Amino acid sequence: MSREYVLQPFRAPIDFQIDYAGELNEQQHAAVTAPPGPALVIAGAGSGKTRTLTYRVAFLLEQGIPADRILLLTFTNKAAREMMRRVADLLGHELSELWGGTFHSIGNRILRRNADRVGYRQDFTIMDREDAKDLLTACVAEMDIDVKATRFPKAEVLGDIFSLAVNKCLPVVDIIEQQYEYFMPLAEQITEVQKRYAAKKRATNGMDFDDLLVLWLKLLQDNQEVREQYQRRFQFVLVDEYQDTNKLQGDLIDLLAARNKNVMVVGDDSQSIYSWRGANFLNIFEFPKRYEGAKVYKIETNYRSTPEILAVANAAITANIHQFAKELAPARKSGSKPAIVTCGDANEQAAFIAQRVLELRDEGIALNDMAVLYRSHFHALELQLEFTRRNIPFSITSGMRFFEQAHIKDVAAYLKFVSNPRDELSFKRLARLLPGVGGKGADKMWAAFPAQDFEQPAPEAKNPIAAALQRCSAAVPKKTAAAWAQFSATIAQLETEPVRGNASKMIRLVIEAGYKEHLQEEYANYRQRLEDLEQLAEFAHRFESLNEFLTQLALLTNVEAEDQQTATRDDEQIRLSTIHQAKGLEFDVVFVIMLCDGLFPSARSLDIPDGEEEERRLFYVAVTRAKNELYLSYPLIRFMPGSTGDAMQQPSRFLGEIPKDLVEEWNLRPFGSAY
C-alpha cells in the first residue's frame, strides 16, 4: 500500500514593506493578496481599480516573483507608466525589468525578437494611418478598379473594415455584411484588396498597427518553442480595463496564460461601452466559464460619489440581464438628490443649464469642476449657442469639434455658395469633392466662373448660379463632366423656391442629391456623420432665414477654432463632452442632457442585438462621473426630421427605471409666470 505525500516548498516569513491591510479596504485587500490562479476583479466605478492593480504588482514582487516574470497589459502608455511609477514609489526602487505597457507596445517588443518567424526582418517599420492609407490606395490602383463607376470605398474605409475583421477575428465579408451592407456587391474585390495589402506590407517590411497584435498571436500559435518560452516567462499576467478588450486581445491573453493560469483581469462589465470599435463584452462576462476555478473578486466601495448619486447609479444598471451583480457602496457623506429636469424644448434646456452653471459658479464651484455630457455631438448645439450668448467659457472634448468636421463644412459650403456666389473658398471646396479635381483644377474652374456677374443683386434668370456654372464647363476635366452636371443640377435645385432660403430643406436636398453616397464611400463612420447632418438640418429649422443660420454657424465655428487659444486666457471652462470621451473622468457637477428615447438610447442602437444593454451601460458611465450633484434633463418637444413641425418626446426609458423616491423632479417655470 502506498500513499501520496505532498512536499510543500519552505518559505521564510516575508517582511512586507507595505501594510496592505492598513492601506486597502477589505475587498481591495482580498484581490491584491489573492492566491495564484485565474482571477476576475470586478472593480466598480470610483472604487480604486488602479490602486488595486498597482498594489497587486507590488504584492507579487514582495512575494519574490522576479519583475521580468510579470506582464502588465494596459490600454494606454500613460496608464502603464502611472502604474509602474506608483509601484516604484511603494517599493522605493525602479522597475525597469517589469514588462508593462500597451498590448501593441508589448507585441512590438516580442516581434522585434522573432520577426523572421513571421516573415519579416527585425528592422520592420510600423506604418501610421497615413502610410497605411497610401499603401491601400496603391493596392486599389493596381487592380484597375473604376472606383467612381462602382462607388468603391476609399482607403480609410477599407482600413477600418480590415481592422475590424482582424480585431474581431472574422472574415472581411462578415464585417461588410454586418456593418457595411451597402458594399456587399463589392465584397469579392474588397477581399482581394486585403490580400494584396497583406502581401505589399510583407514585401516592404512594414506592419500596420493591427499587425503588432495579429502577428504576435500568429507567432505564438504557429511556433511551439516561442509559445512555451513566453508562457514560462510570464508567470503572472495582469490586464487593466479588461472590459474593453476585443476578440484578438482576449485570445492573446488566454494563450499567454494557458500554462500557469496565473492571470488576473481587472475591469467593470458595467462600463463596457466600445462594441462599435470591436470590444468584445463576452471576454469579461464569460471569463469564469473559460477559466475553470476562477475566483471573482468584487470591489464595490465607491470613493467618488455621494450616496444619493450611487443609489441612482445602482438603479440605472439593474435592468441589464448580462452583468455581474454588484452594489456600489458609498464611502462619502450624504448629499443632495439627483434632479430630473423636464424642459419645454432644447433651447429651454440650454437656458436652464446655463443659468444653473452660473448659480453654481457663484456658490464657489469652479467651471473646471462641471461637465455637460451627451450621447452624440449634435445634442449640444443649442447649448453651445447659449453659452456663447452668455459668455460662459467652455471646452469641447468630443473628439473633433462638431463644426470643424469635414462633412459639416462640405454641406455648409453648398449653402454658403448659393447665398453668396462670389465665395471662392466654398466654390473650390465643392469643386474638390468632384472626381478628378484637385487644388489646381479647382483654381482653373474658379477662374472660369463668372463671379463678377453677382457683384450686383442676383441676375433675374431663373437659376442664375446654375447658368453661370454651365458657362465655365470648358474648364471642367472630361472625366468630371457627369459629376459636374449633377453638381450644377443640385445647385439649380438649391437656388429655386421653396428650397432657397430654407437652410433645413437645403441641407436635406444636398444629402439626397448624392452626398449620402459620398459619405458611404469616404468614411467608415458614415452612419454617425449622416446622423450629424440630419440633426444639423433639424438645428437649422429654428432659423428664419439662410443668412441667420449661416451667421450662427460662423459664430459657433469661430468659437470652436478659438477654443484652444481661450484655454490659456480663461482660467476656468466648463467641459462639454460625449460620454464615451468622458469615461475615466470625474466632476463635482454633471449635467446629462437630451435624455429622450431615440436620442439616448439612440434609435440605431435599439436595432442592434444587445444594443439597449450597452446604451444602459453608457448611461451608467455618465451617472457615475458625478461626485456631488447630478442633473438629468430632457426636452418635451423637438423638431423631428421629415415631419411638418415639432413632436412630443418620450423621456428616456432609462429615466423610467429610476425609482421616483431617489430623485427630485424639477419643472421649469418662466420668470414672472404664475405658480
Side-chain angles (χ1 to χ4, degrees), residues 42 44-47 268-271 298-344 348-349 352-353 355-357 359-360 363 365 370-375 579 582 586-601 612-637 648-669 675:
I42 299 296
S47 65
D268 183 1
D269 57 302
S270 296
Q271 296 189 68
K298 294 179 182 178
I299 304 176
E300 298 165 297
T301 301
N302 176 288
Y303 295 93
R304 176 186 300 156
S305 307
T306 61
E308 288 76 10
I309 291 172
L310 293 184
V312 169
N314 288 327
I317 200 66
T318 300
N320 271 11
I321 297 169
H322 302 103
Q323 64 168 312
F324 293 97
K326 60 181 171 298
E327 188 87 4
L328 292 179
R332 295 185 54 205
K333 292 179 180 178
S334 188
S336 58
K337 283 185 178 182
I340 292 182
V341 187
T342 305
C343 308
E348 188 171 276
Q349 179 179 244
F352 158 70
I353 293 169
Q355 179 174 313
R356 188 69 187 127
V357 163
E359 289 171 351
L360 292 166
E363 292 172 15
I365 301 174
M370 304 184 216
V372 182
L373 305 182
Y374 36 84
R375 175 67 181 81
I579 301 163
E586 58 183 42
F587 305 91
D588 285 347
V589 180
V590 168
F591 299 85
V592 186
I593 65 172
M594 289 298 181
L595 281 161
C596 307
D597 248 31
L599 293 178
F600 194 1
E612 182 177 330
E613 290 216 347
E614 179 154 336
E615 290 286 291
R616 189 174 284 107
R617 294 195 292 268
L618 190 62
F619 180 56
Y620 173 85
V621 168
V623 168
T624 54
R625 298 312 93 199
K627 294 162 69 175
N628 301 326
E629 295 190 37
L630 174 66
Y631 299 87
L632 309 171
S633 66
Y634 68 95
L636 284 170
I637 296 173
M648 292 294 293
Q649 296 293 293
Q650 288 297 319
S652 170
R653 63 195 66 187
F654 302 151
L655 294 179
E657 293 168 356
I658 301 170
K660 292 188 181 302
D661 63 328
L662 299 183
V663 294
E664 285 186 347
E665 293 194 22
W666 288 27
N667 296 301
L668 304 184
R669 179 175 59 83
Y675 284 98

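All of these numbers come straight from a predicted model, not from anything done at the bench.
With sequence neighbours left out, the side-chain hydrogen bond (donor to acceptor under 3.5 Å, both in side chains) criterion links Q650 to no other residue. Scored by the side-chain hydrogen bond (donor to acceptor under 3.5 Å, both in side chains) test, D268 finds Q271, K326 as partners (sequence neighbours excluded). In terms of the side-chain contact (heavy atoms from CB on, under 4.5 Å) criterion, residue partners of S47 (sequence neighbours excluded) are, by chain and number, A43, I299. By the salt bridge (Lys or Arg N to Asp or Glu O under 4.0 Å) test, E615 is found to be paired with R375, residues two or more places apart in sequence or in another chain being considered. Looking at residues two or more places apart in sequence or on another chain, you find a ring pair (Phe, Tyr, Trp, His ring centres under 6.0 Å) between F324 and F285. Residues satisfying the ring pair (Phe, Tyr, Trp, His ring centres under 6.0 Å) criterion with F591, sequence neighbours excluded, are Y631. For E614, the salt bridge (Lys or Arg N to Asp or Glu O under 4.0 Å) criterion is met by R617, not counting sequence neighbours. Taking R304 as the reference, E586 meet the side-chain hydrogen bond (donor to acceptor under 3.5 Å, both in side chains) condition, with sequence neighbours excluded. Under the rule for a salt bridge (Lys or Arg N to Asp or Glu O under 4.0 Å), the partners of E612 that lie at least two apart in sequence or sit in another chain are R616, R653. Residues satisfying the side-chain hydrogen bond (donor to acceptor under 3.5 Å, both in side chains) criterion with Y634, sequence neighbours excluded, are T342. Applying the salt bridge (Lys or Arg N to Asp or Glu O under 4.0 Å) criterion to K298, with sequence neighbours excluded, gives no partner residue.
The distance from atom CD1 of I340 to atom CG of L630, rounded to the nearest 0.5 Å, is 9.0 Å. Expressed to the nearest 0.5 Å, how far CG of N302 lies from CD1 of I309 amounts to 9.0 Å.
No side-chain heavy atom of P635 sits less than 4.5 Å from a side-chain heavy atom of E348. In this structure, the side chains of L595 and F619 come closer than 4.5 Å at one or more pairs of heavy atoms.
Applying the salt bridge (Lys or Arg N to Asp or Glu O under 4.0 Å) test to every pair with at least one member in residues 331-343, sequence neighbours left out, gives no pairs at all.
No side-chain donor-acceptor contact under 3.5 Å links Q323 to the backbone of S270.
Below 30°, between 30° and 60°, or above 60°: for W666 and F352 the angle between ring planes is above 60°, a perpendicular geometry.
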